[in-house]
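Here the structure is laid out as C-alpha coordinates; the discussion comes afterwards.
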Amino acid sequence: MTINTEFMIQTFFDVLAGIPVTLELTFITLLLSFPIAFFMALQKLEKKKVSGKIVSGYVSFVRGTPVVLQILFLYSLLPTILNYLIKEILKLEFDIFSINPMIYAFVVFSLNTVAVLTEVFRSALLTVEHGQLEAALAIGLNKCQAYVRIIIPQAIVSALPNLCNATINLMKSTSLAFMMTVKDITAIAKVNAAFGYNYIEAYLVISVIYIILCTLVQLGYVAVERYFSSYKRFSTN
Amino acid sequence: MLEIRNVHKAFGSNQVLKGVNLKVNKGDIIVILGPSGSGKTTFLRTINFLEKADKGTIDFDDIHTELHSASNKTINRIRKKTAFVFQNYNLFANKTALENVTEGLIVARKVPKEEAIKCAKDALDKVGLSERYDYYPSQLSGGQQQRVGIARAIAVNPDVLLFDEPTSALDPELIGEVLSVMKKLAKEGATMIVVTHEMSFAQEVASRVVFMDGGVVVEEGTAKQIFTAPKEKRTEQFLRRIVRDYDYVI
(Lines give C-alpha, C1' and ligand atoms only; values in the text may rest on other atoms or scores of the structure.)
Protein backbone atom coordinates (compact mmCIF):
# COMPACT_ATOMS: atom_id res chain seq x y z
CA MET A 1 0.00 0.00 0.00
CA THR A 2 1.30 3.44 -0.86
CA ILE A 3 0.28 6.78 0.49
CA ASN A 4 -1.12 9.02 -2.20
CA THR A 5 0.52 12.35 -1.32
CA GLU A 6 -0.99 14.18 -4.25
CA PHE A 7 -4.42 13.23 -2.98
CA MET A 8 -3.48 14.36 0.51
CA ILE A 9 -2.42 17.82 -0.66
CA GLN A 10 -5.56 18.14 -2.75
CA THR A 11 -7.72 17.03 0.16
CA PHE A 12 -5.97 19.42 2.52
CA PHE A 13 -7.04 22.36 0.38
CA ASP A 14 -10.54 20.97 -0.17
CA VAL A 15 -11.01 20.48 3.54
CA LEU A 16 -10.05 24.08 4.33
CA ALA A 17 -13.48 25.00 3.00
CA GLY A 18 -14.97 23.02 5.86
CA ILE A 19 -13.10 24.87 8.61
CA PRO A 20 -15.55 27.80 8.75
CA VAL A 21 -18.39 25.32 9.13
CA THR A 22 -16.66 23.53 12.00
CA LEU A 23 -15.82 26.84 13.70
CA GLU A 24 -19.34 28.10 13.18
CA LEU A 25 -20.80 24.94 14.68
CA THR A 26 -18.47 25.23 17.66
CA PHE A 27 -18.71 28.89 18.49
CA ILE A 28 -22.33 29.60 17.68
CA THR A 29 -23.26 26.56 19.77
CA LEU A 30 -21.14 27.93 22.61
CA LEU A 31 -22.75 31.35 22.35
CA LEU A 32 -26.24 29.83 22.37
CA SER A 33 -25.43 27.59 25.31
CA PHE A 34 -23.64 30.08 27.54
CA PRO A 35 -26.59 32.11 28.86
CA ILE A 36 -28.91 29.12 29.11
CA ALA A 37 -26.35 27.04 30.98
CA PHE A 38 -25.57 29.91 33.33
CA PHE A 39 -29.23 30.39 34.13
CA MET A 40 -29.62 26.64 34.71
CA ALA A 41 -26.57 26.55 36.98
CA LEU A 42 -28.15 29.30 39.08
CA GLN A 43 -31.37 27.29 39.34
CA LYS A 44 -29.40 24.39 40.74
CA LEU A 45 -27.43 26.58 43.15
CA GLU A 46 -30.30 28.66 44.46
CA LYS A 47 -31.92 25.45 45.60
CA LYS A 48 -35.11 26.28 43.74
CA LYS A 49 -36.89 23.01 44.26
CA VAL A 50 -38.86 22.43 41.06
CA SER A 51 -36.65 24.10 38.48
CA GLY A 52 -33.52 22.69 40.13
CA LYS A 53 -34.91 19.17 39.81
CA ILE A 54 -35.82 19.71 36.16
CA VAL A 55 -32.32 20.97 35.44
CA SER A 56 -30.77 17.98 37.21
CA GLY A 57 -32.97 15.58 35.28
CA TYR A 58 -32.06 17.21 32.00
CA VAL A 59 -28.35 17.19 32.75
CA SER A 60 -28.31 13.53 33.68
CA PHE A 61 -30.40 12.59 30.63
CA VAL A 62 -28.04 14.32 28.23
CA ARG A 63 -24.93 13.06 29.97
CA GLY A 64 -26.32 9.55 30.02
CA THR A 65 -26.87 9.23 26.28
CA PRO A 66 -24.24 9.20 23.50
CA VAL A 67 -24.15 12.19 21.15
CA VAL A 68 -24.58 9.83 18.20
CA LEU A 69 -27.85 8.63 19.65
CA GLN A 70 -29.04 12.18 20.21
CA ILE A 71 -28.25 13.00 16.60
CA LEU A 72 -30.10 9.92 15.35
CA PHE A 73 -33.15 10.81 17.41
CA LEU A 74 -33.20 14.46 16.50
CA TYR A 75 -32.24 14.21 12.87
CA SER A 76 -34.03 11.05 11.83
CA LEU A 77 -36.95 10.63 14.13
CA LEU A 78 -37.96 14.19 14.91
CA PRO A 79 -38.44 15.44 11.30
CA THR A 80 -40.55 12.40 10.50
CA ILE A 81 -42.77 13.02 13.50
CA LEU A 82 -42.97 16.74 12.82
CA ASN A 83 -43.77 16.09 9.18
CA TYR A 84 -46.60 13.83 10.19
CA LEU A 85 -47.89 16.45 12.61
CA ILE A 86 -47.74 19.28 10.09
CA LYS A 87 -49.08 17.43 7.08
CA GLU A 88 -51.66 15.13 8.62
CA ILE A 89 -52.90 16.93 11.68
CA LEU A 90 -52.34 20.64 11.10
CA LYS A 91 -52.77 20.32 7.31
CA LEU A 92 -50.10 22.92 6.63
CA GLU A 93 -48.02 23.35 3.46
CA PHE A 94 -44.57 23.35 5.02
CA ASP A 95 -41.74 21.10 3.98
CA ILE A 96 -39.98 20.11 7.16
CA PHE A 97 -37.25 18.36 5.17
CA SER A 98 -36.19 21.62 3.55
CA ILE A 99 -34.80 22.99 6.83
CA ASN A 100 -31.07 23.60 6.68
CA PRO A 101 -29.34 20.68 8.40
CA MET A 102 -27.12 23.24 10.17
CA ILE A 103 -30.14 24.15 12.28
CA TYR A 104 -30.44 20.57 13.48
CA ALA A 105 -26.73 20.53 14.18
CA PHE A 106 -26.95 23.68 16.28
CA VAL A 107 -29.87 22.24 18.22
CA VAL A 108 -28.23 18.88 18.97
CA PHE A 109 -24.88 20.34 19.94
CA SER A 110 -26.48 23.09 22.01
CA LEU A 111 -28.65 20.61 23.93
CA ASN A 112 -25.46 18.77 24.73
CA THR A 113 -23.27 21.75 25.52
CA VAL A 114 -25.89 23.32 27.76
CA ALA A 115 -25.76 20.24 29.98
CA VAL A 116 -21.95 20.23 30.07
CA LEU A 117 -21.68 23.95 30.75
CA THR A 118 -24.34 23.87 33.46
CA GLU A 119 -22.06 21.66 35.50
CA VAL A 120 -19.00 23.74 34.61
CA PHE A 121 -20.68 26.94 35.77
CA ARG A 122 -22.16 25.37 38.86
CA SER A 123 -18.81 24.12 40.10
CA ALA A 124 -17.15 27.41 39.18
CA LEU A 125 -19.69 29.47 41.09
CA LEU A 126 -19.21 27.20 44.08
CA THR A 127 -15.50 28.04 44.22
CA VAL A 128 -16.30 31.62 45.26
CA GLU A 129 -17.06 31.57 48.98
CA HIS A 130 -20.63 32.42 49.85
CA GLY A 131 -19.27 35.02 52.29
CA GLN A 132 -18.26 37.31 49.45
CA LEU A 133 -21.84 37.38 48.20
CA GLU A 134 -22.99 38.21 51.74
CA ALA A 135 -20.39 40.95 52.02
CA ALA A 136 -21.52 42.44 48.73
CA LEU A 137 -25.15 42.42 49.85
CA ALA A 138 -24.16 43.89 53.22
CA ILE A 139 -22.54 46.94 51.62
CA GLY A 140 -25.72 47.58 49.67
CA LEU A 141 -25.18 45.91 46.30
CA ASN A 142 -28.18 44.07 44.92
CA LYS A 143 -27.87 40.44 43.94
CA CYS A 144 -27.37 41.16 40.26
CA GLN A 145 -24.58 43.67 40.93
CA ALA A 146 -22.97 41.26 43.38
CA TYR A 147 -22.90 38.49 40.77
CA VAL A 148 -21.70 40.67 37.92
CA ARG A 149 -19.01 42.56 39.85
CA ILE A 150 -17.78 40.09 42.45
CA ILE A 151 -18.85 36.48 41.91
CA ILE A 152 -18.73 35.99 38.15
CA PRO A 153 -15.29 37.54 37.54
CA GLN A 154 -13.83 35.09 40.03
CA ALA A 155 -15.93 32.15 38.87
CA ILE A 156 -14.78 32.67 35.27
CA VAL A 157 -11.17 32.16 36.30
CA SER A 158 -11.87 28.79 37.84
CA ALA A 159 -14.23 27.84 35.02
CA LEU A 160 -11.72 28.50 32.24
CA PRO A 161 -9.86 25.15 32.29
CA ASN A 162 -13.18 23.29 32.16
CA LEU A 163 -14.53 25.65 29.52
CA CYS A 164 -11.45 24.94 27.43
CA ASN A 165 -12.13 21.23 27.79
CA ALA A 166 -15.77 21.66 26.87
CA THR A 167 -14.90 23.75 23.81
CA ILE A 168 -12.40 21.20 22.56
CA ASN A 169 -14.79 18.32 23.13
CA LEU A 170 -17.50 20.22 21.30
CA MET A 171 -15.22 21.01 18.38
CA LYS A 172 -14.32 17.36 18.05
CA SER A 173 -17.90 16.17 18.33
CA THR A 174 -18.96 18.55 15.54
CA SER A 175 -17.27 15.99 13.29
CA LEU A 176 -20.45 13.96 13.78
CA ALA A 177 -22.33 16.65 11.91
CA PHE A 178 -21.65 14.72 8.68
CA MET A 179 -24.42 12.39 9.86
CA MET A 180 -26.76 15.32 9.37
CA THR A 181 -25.33 16.03 5.88
CA VAL A 182 -23.55 19.15 7.12
CA LYS A 183 -20.44 19.71 5.03
CA ASP A 184 -17.87 20.19 7.73
CA ILE A 185 -14.20 19.12 7.69
CA THR A 186 -14.99 15.46 8.24
CA ALA A 187 -17.76 15.32 5.66
CA ILE A 188 -15.59 16.83 2.93
CA ALA A 189 -12.76 14.44 3.70
CA LYS A 190 -15.08 11.44 3.56
CA VAL A 191 -16.52 12.49 0.24
CA ASN A 192 -13.05 13.00 -1.23
CA ALA A 193 -11.86 9.66 0.11
CA ALA A 194 -14.82 7.78 -1.32
CA PHE A 195 -13.79 8.45 -4.94
CA GLY A 196 -10.59 6.46 -4.84
CA TYR A 197 -10.87 4.73 -1.50
CA ASN A 198 -8.16 6.94 0.04
CA TYR A 199 -9.61 6.85 3.53
CA ILE A 200 -6.32 6.58 5.41
CA GLU A 201 -4.91 9.63 3.68
CA ALA A 202 -8.06 11.65 4.20
CA TYR A 203 -8.22 10.79 7.90
CA LEU A 204 -4.56 11.65 8.38
CA VAL A 205 -5.13 15.05 6.82
CA ILE A 206 -8.11 15.94 8.97
CA SER A 207 -6.38 14.66 12.11
CA VAL A 208 -3.70 17.25 11.54
CA ILE A 209 -6.31 19.93 10.95
CA TYR A 210 -8.22 19.04 14.12
CA ILE A 211 -4.99 19.03 16.13
CA ILE A 212 -4.13 22.49 14.82
CA LEU A 213 -7.59 23.85 15.57
CA CYS A 214 -7.69 22.40 19.06
CA THR A 215 -4.21 23.71 19.84
CA LEU A 216 -5.27 27.17 18.77
CA VAL A 217 -8.29 26.97 21.06
CA GLN A 218 -6.07 25.94 23.96
CA LEU A 219 -3.65 28.79 23.31
CA GLY A 220 -6.58 31.17 23.21
CA TYR A 221 -7.80 29.97 26.58
CA VAL A 222 -4.33 30.29 28.12
CA ALA A 223 -4.26 33.93 27.06
CA VAL A 224 -7.74 34.60 28.43
CA GLU A 225 -6.88 32.85 31.69
CA ARG A 226 -3.78 34.98 32.12
CA TYR A 227 -5.83 38.10 31.54
CA PHE A 228 -8.59 37.25 34.02
CA SER A 229 -6.43 35.93 36.83
CA SER A 230 -4.28 39.03 37.13
CA TYR A 231 -5.56 39.48 40.67
CA LYS A 232 -4.01 36.16 41.63
CA ARG A 233 -0.65 36.74 40.04
CA PHE A 234 0.99 38.53 42.96
CA SER A 235 -0.45 36.17 45.50
CA THR A 236 1.95 35.56 48.35
CA ASN A 237 0.17 32.65 49.98
CA MET B 1 -32.57 54.88 66.83
CA LEU B 2 -32.70 51.13 66.28
CA GLU B 3 -35.03 48.76 68.02
CA ILE B 4 -35.46 45.08 67.24
CA ARG B 5 -38.23 43.17 68.92
CA ASN B 6 -39.16 39.58 69.47
CA VAL B 7 -36.84 37.96 66.93
CA HIS B 8 -37.50 34.28 66.30
CA LYS B 9 -35.46 32.11 63.99
CA ALA B 10 -35.30 28.35 63.45
CA PHE B 11 -33.01 26.31 61.23
CA GLY B 12 -35.12 23.28 60.50
CA SER B 13 -36.26 21.99 63.86
CA ASN B 14 -33.51 23.83 65.70
CA GLN B 15 -34.98 26.94 67.32
CA VAL B 16 -31.98 29.29 67.44
CA LEU B 17 -33.64 32.55 68.48
CA LYS B 18 -36.60 32.55 70.80
CA GLY B 19 -37.68 36.14 71.09
CA VAL B 20 -34.69 38.45 71.29
CA ASN B 21 -35.09 42.19 71.90
CA LEU B 22 -32.48 44.87 71.55
CA LYS B 23 -32.61 48.63 71.71
CA VAL B 24 -29.73 50.67 70.37
CA ASN B 25 -29.19 54.39 70.87
CA LYS B 26 -26.82 56.54 68.92
CA GLY B 27 -23.27 56.12 70.17
CA ASP B 28 -23.95 52.86 71.99
CA ILE B 29 -21.25 50.22 72.00
CA ILE B 30 -23.16 47.04 72.59
CA VAL B 31 -21.20 43.86 73.16
CA ILE B 32 -23.07 40.58 72.85
CA LEU B 33 -21.51 37.73 74.79
CA GLY B 34 -22.56 34.14 75.08
CA PRO B 35 -21.47 30.55 74.59
CA SER B 36 -21.28 29.21 71.04
CA GLY B 37 -24.66 28.13 69.79
CA SER B 38 -26.43 30.77 71.85
CA GLY B 39 -27.65 32.50 68.68
CA LYS B 40 -25.67 35.73 68.96
CA THR B 41 -24.25 35.62 65.44
CA THR B 42 -27.61 34.62 63.98
CA PHE B 43 -29.23 37.52 65.80
CA LEU B 44 -26.65 39.98 64.44
CA ARG B 45 -27.24 38.64 60.94
CA THR B 46 -31.00 39.10 61.16
CA ILE B 47 -30.48 42.82 61.71
CA ASN B 48 -29.30 43.41 58.14
CA PHE B 49 -31.23 40.48 56.68
CA LEU B 50 -28.29 38.23 55.92
CA GLU B 51 -30.49 35.81 57.80
CA LYS B 52 -34.22 36.10 57.37
CA ALA B 53 -35.93 35.88 60.74
CA ASP B 54 -39.18 33.91 61.05
CA LYS B 55 -40.77 36.51 63.26
CA GLY B 56 -39.99 39.89 64.77
CA THR B 57 -39.97 43.59 63.94
CA ILE B 58 -37.36 46.23 63.36
CA ASP B 59 -37.59 49.98 63.84
CA PHE B 60 -34.70 51.84 62.30
CA ASP B 61 -35.16 55.61 62.41
CA ASP B 62 -38.25 56.07 60.24
CA ILE B 63 -38.28 52.52 58.86
CA HIS B 64 -40.63 50.07 60.48
CA THR B 65 -41.01 46.56 59.15
CA GLU B 66 -41.70 42.96 59.99
CA LEU B 67 -38.47 40.99 59.66
CA HIS B 68 -39.95 38.05 57.77
CA SER B 69 -41.91 40.02 55.19
CA ALA B 70 -39.68 43.02 54.48
CA SER B 71 -39.65 44.13 50.85
CA ASN B 72 -36.40 44.10 48.91
CA LYS B 73 -36.47 47.88 48.90
CA THR B 74 -36.71 48.08 52.68
CA ILE B 75 -34.01 45.47 53.07
CA ASN B 76 -31.73 47.48 50.82
CA ARG B 77 -32.47 50.68 52.74
CA ILE B 78 -31.59 49.03 56.04
CA ARG B 79 -28.47 47.49 54.56
CA LYS B 80 -27.33 50.91 53.42
CA LYS B 81 -27.71 52.25 56.97
CA THR B 82 -25.64 49.44 58.44
CA ALA B 83 -22.26 47.88 57.76
CA PHE B 84 -21.12 44.40 58.60
CA VAL B 85 -17.66 43.15 59.57
CA PHE B 86 -17.34 39.39 59.11
CA GLN B 87 -15.49 36.80 61.11
CA ASN B 88 -13.53 35.65 58.06
CA TYR B 89 -13.28 39.11 56.46
CA ASN B 90 -15.05 38.13 53.22
CA LEU B 91 -13.04 40.62 51.20
CA PHE B 92 -13.63 40.62 47.46
CA ALA B 93 -10.69 38.56 46.22
CA ASN B 94 -10.74 40.11 42.74
CA LYS B 95 -10.47 43.68 44.05
CA THR B 96 -7.63 45.60 45.65
CA ALA B 97 -7.93 46.94 49.18
CA LEU B 98 -8.97 50.31 47.79
CA GLU B 99 -11.51 48.81 45.39
CA ASN B 100 -12.95 46.72 48.20
CA VAL B 101 -13.73 49.93 50.02
CA THR B 102 -14.94 51.99 47.04
CA GLU B 103 -17.29 49.26 45.78
CA GLY B 104 -20.07 50.05 48.24
CA LEU B 105 -19.69 53.78 47.64
CA ILE B 106 -19.54 53.83 43.85
CA VAL B 107 -21.86 50.95 42.97
CA ALA B 108 -24.39 50.92 45.79
CA ARG B 109 -24.47 54.59 46.77
CA LYS B 110 -23.59 56.22 43.44
CA VAL B 111 -20.89 58.38 44.99
CA PRO B 112 -18.75 60.01 42.25
CA LYS B 113 -15.59 58.04 41.69
CA GLU B 114 -13.08 60.65 42.83
CA GLU B 115 -14.98 61.40 46.00
CA ALA B 116 -15.31 57.66 46.68
CA ILE B 117 -11.58 57.12 46.27
CA LYS B 118 -10.88 59.96 48.68
CA CYS B 119 -13.35 58.51 51.20
CA ALA B 120 -11.83 55.07 50.82
CA LYS B 121 -8.30 56.35 51.30
CA ASP B 122 -9.40 58.17 54.46
CA ALA B 123 -10.96 54.96 55.77
CA LEU B 124 -7.88 52.89 54.96
CA ASP B 125 -5.65 55.54 56.58
CA LYS B 126 -7.77 55.38 59.68
CA VAL B 127 -7.20 51.64 60.03
CA GLY B 128 -3.49 52.13 59.41
CA LEU B 129 -3.27 50.74 55.89
CA SER B 130 -2.13 53.80 53.96
CA GLU B 131 0.69 51.76 52.44
CA ARG B 132 -1.57 48.99 51.15
CA TYR B 133 -4.12 50.64 48.83
CA ASP B 134 -3.25 48.56 45.79
CA TYR B 135 -2.71 45.21 47.46
CA TYR B 136 -5.02 42.30 46.75
CA PRO B 137 -6.49 40.47 49.77
CA SER B 138 -4.27 37.47 49.06
CA GLN B 139 -1.24 39.69 49.64
CA LEU B 140 -2.36 40.86 53.07
CA SER B 141 -2.08 39.24 56.49
CA GLY B 142 -5.21 38.23 58.37
CA GLY B 143 -5.07 41.29 60.58
CA GLN B 144 -4.61 43.58 57.60
CA GLN B 145 -7.47 41.89 55.76
CA GLN B 146 -9.76 42.41 58.71
CA ARG B 147 -8.72 46.04 58.91
CA VAL B 148 -9.66 46.42 55.22
CA GLY B 149 -12.96 44.80 56.20
CA ILE B 150 -13.42 47.47 58.85
CA ALA B 151 -12.41 50.23 56.43
CA ARG B 152 -14.99 48.89 53.95
CA ALA B 153 -17.58 49.12 56.71
CA ILE B 154 -16.77 52.61 58.01
CA ALA B 155 -16.27 54.18 54.56
CA VAL B 156 -20.00 54.12 53.87
CA ASN B 157 -20.59 56.08 57.05
CA PRO B 158 -23.21 53.71 58.45
CA ASP B 159 -25.53 54.48 61.34
CA VAL B 160 -24.64 51.17 62.98
CA LEU B 161 -21.56 48.99 62.61
CA LEU B 162 -22.15 45.28 63.11
CA PHE B 163 -19.16 43.15 64.07
CA ASP B 164 -19.43 39.37 63.95
CA GLU B 165 -16.55 37.92 65.97
CA PRO B 166 -14.06 40.10 64.09
CA THR B 167 -11.01 38.64 65.81
CA SER B 168 -11.95 34.97 66.05
CA ALA B 169 -10.15 33.92 62.86
CA LEU B 170 -6.94 35.78 63.70
CA ASP B 171 -3.64 34.66 65.15
CA PRO B 172 -3.31 35.88 68.74
CA GLU B 173 -0.56 38.31 67.80
CA LEU B 174 -2.77 39.95 65.16
CA ILE B 175 -5.82 40.41 67.38
CA GLY B 176 -4.38 43.54 69.02
CA GLU B 177 -4.18 45.59 65.83
CA VAL B 178 -7.83 44.91 65.00
CA LEU B 179 -9.06 45.58 68.52
CA SER B 180 -7.19 48.86 68.72
CA VAL B 181 -8.87 50.01 65.51
CA MET B 182 -12.23 49.08 66.99
CA LYS B 183 -11.46 50.93 70.20
CA LYS B 184 -10.51 53.99 68.21
CA LEU B 185 -13.85 53.88 66.38
CA ALA B 186 -15.68 53.51 69.68
CA LYS B 187 -13.93 56.58 71.08
CA GLU B 188 -14.91 58.59 68.01
CA GLY B 189 -18.56 57.94 68.80
CA ALA B 190 -19.47 55.22 66.31
CA THR B 191 -22.52 53.12 67.12
CA MET B 192 -21.48 49.49 67.28
CA ILE B 193 -22.96 46.09 67.98
CA VAL B 194 -20.16 43.62 68.56
CA VAL B 195 -20.37 39.87 68.95
CA THR B 196 -17.06 38.81 70.45
CA HIS B 197 -15.20 36.63 72.87
CA GLU B 198 -12.73 39.38 73.70
CA MET B 199 -13.62 40.08 77.31
CA SER B 200 -11.04 42.85 77.62
CA PHE B 201 -12.71 44.71 74.77
CA ALA B 202 -16.10 44.30 76.43
CA GLN B 203 -14.80 45.54 79.77
CA GLU B 204 -12.96 48.47 78.29
CA VAL B 205 -15.34 49.97 75.75
CA ALA B 206 -18.82 48.45 76.03
CA SER B 207 -21.53 50.87 77.03
CA ARG B 208 -23.82 47.89 77.40
CA VAL B 209 -23.16 44.17 77.61
CA VAL B 210 -25.80 41.68 76.51
CA PHE B 211 -25.43 38.08 77.59
CA MET B 212 -27.25 35.57 75.41
CA ASP B 213 -27.77 31.87 75.97
CA GLY B 214 -30.15 29.35 74.43
CA GLY B 215 -31.64 31.85 72.01
CA VAL B 216 -32.70 34.46 74.54
CA VAL B 217 -31.13 37.46 76.22
CA VAL B 218 -30.36 36.24 79.73
CA GLU B 219 -29.00 39.43 81.13
CA GLU B 220 -28.21 42.93 80.05
CA GLY B 221 -26.34 45.72 81.79
CA THR B 222 -23.26 47.88 81.90
CA ALA B 223 -19.94 46.12 81.56
CA LYS B 224 -19.29 46.74 85.25
CA GLN B 225 -22.60 45.20 86.33
CA ILE B 226 -22.20 42.12 84.18
CA PHE B 227 -18.57 41.47 84.99
CA THR B 228 -18.61 42.24 88.70
CA ALA B 229 -22.14 41.47 89.82
CA PRO B 230 -24.03 39.27 87.39
CA LYS B 231 -27.59 38.66 88.55
CA GLU B 232 -28.11 35.43 86.69
CA LYS B 233 -26.41 32.18 87.53
CA ARG B 234 -25.85 31.31 83.87
CA THR B 235 -23.99 34.57 83.27
CA GLU B 236 -21.74 33.90 86.21
CA GLN B 237 -21.00 30.34 85.08
CA PHE B 238 -20.12 31.58 81.61
CA LEU B 239 -17.81 34.30 82.88
CA ARG B 240 -16.12 31.91 85.27
CA ARG B 241 -15.28 29.61 82.40
CA ILE B 242 -14.12 32.32 80.02
CA VAL B 243 -12.39 34.93 82.13
CA ARG B 244 -9.31 33.30 83.57
CA ASP B 245 -8.94 35.47 86.63
CA TYR B 246 -12.64 36.01 87.13
CA ASP B 247 -12.46 35.34 90.84
CA TYR B 248 -10.10 38.23 91.31
CA VAL B 249 -12.43 40.58 89.47
CA ILE B 250 -15.02 40.05 92.16
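Model, not experiment: these values are computed from the prediction. Proteins come first, then strands; the chains are lettered A, B, ... in the order of their sequence lines, and each starts at number 1. Any value given below was found using the heavy atoms of this structure, including those in side chains, with hydrogens, waters and symmetry copies removed.
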- Item | Greater than 12 external heavy atoms within 6.0 Å of Glu114(B)'s CD | no
- Message: Using heavy-atom distances under 4.5 Å, tell me whether Ile78(B) contacts chain A through its side chain, its backbone, both, or neither.
- Response: neither
- Message: Strictly distance-based, threshold 3.5 Å: is any side-chain N or O of Asn94(B) a donor or acceptor partner for the main-chain N or O of Phe228(A)?
- Response: no
- Task: Compare all side-chain heavy atoms of Arg79(B) with those of Leu141(A) and state whether any distance is below 4.5 angstrom.
- Result: no
- Task: Measure the CG-CD1 distance between Asn90(B) and Ile139(A) for me, rounded to the nearest 0.5 Å.
- Result: 11.5 Å
- dist Glu134(A):CD -> Asp164(B):CG (nearest 0.5 Å) comes out at 9.5 Å
- Message: Shorter than 4.5 Å, heavy atoms on both sides: which option in Thr82(B), Asn88(B), Leu91(B) has the most such pairs with chain A?
- Response: Leu91(B)
- Item | Exercise: identify the closest heavy-atom pair between Gly140(A) and Lys80(B) | O-CE, 3.8 Å
- Item | Phe13(A), CZ: over 12 other non-hydrogen atoms inside 6.0 angstrom | no
- Query: Under 6.0 Å from the NZ atom of Lys183(A), do we count more than 12 heavy atoms belonging to anything else shown?
  - Reply: no
- Message: With a 4.5 angstrom heavy-atom cut-off, is it the side chain or the backbone of Lys95(B) that approaches chain A, or both, or neither?
- Response: side chain
- Please lay out, stage by stage, how Glu103(B) and Ile150(A) fare under the test side chain to side chain contact (heavy atoms under 4.5 Å, CB included). CA-CA 10 Å; Glu103(B) 193 71 18; Ile150(A) 309 295; 4.2 Å; yes
- Any idea which heavy atoms bring Ala138(A) and Phe84(B) closest together, and the distance? CB-CB, 3.9 Å
- Item | Toward chain A, the part of Arg45(B) with a non-hydrogen atom under 4.5 Å | side chain
- Query: Should the heavy atoms of other residues, nucleotides or ligands under 6.0 Å from NZ of Lys23(B) be counted, would the total exceed 12?
  - Reply: no
- Item | Lys110(B) atom NZ, over 12 foreign heavy atoms within 6.0 Å | yes
- Task: Could you look at Phe92(B) and say if it's the side chain, the backbone, both or neither that has a heavy atom under 4.5 Å from chain A?
- Result: both
- Measure Gln132(A) against the heavy atoms of chain B and call it side chain, backbone, both or neither at under 4.5 Å. both
- Task: Give a yes or no on whether Phe12(A) atom CZ has more than 12 heavy-atom contacts from other residues, nucleotides or ligands under 6.0 Å away.
- Result: no
- chain A contacts, top residue of Asn72(B), Asn76(B), Asn100(B) (heavy-atom pairs, under 4.5 Å): Asn76(B)
- Item | Separation of Leu50(B) CG from Leu133(A) CG (nearest 0.5 Å) | 9.0 Å
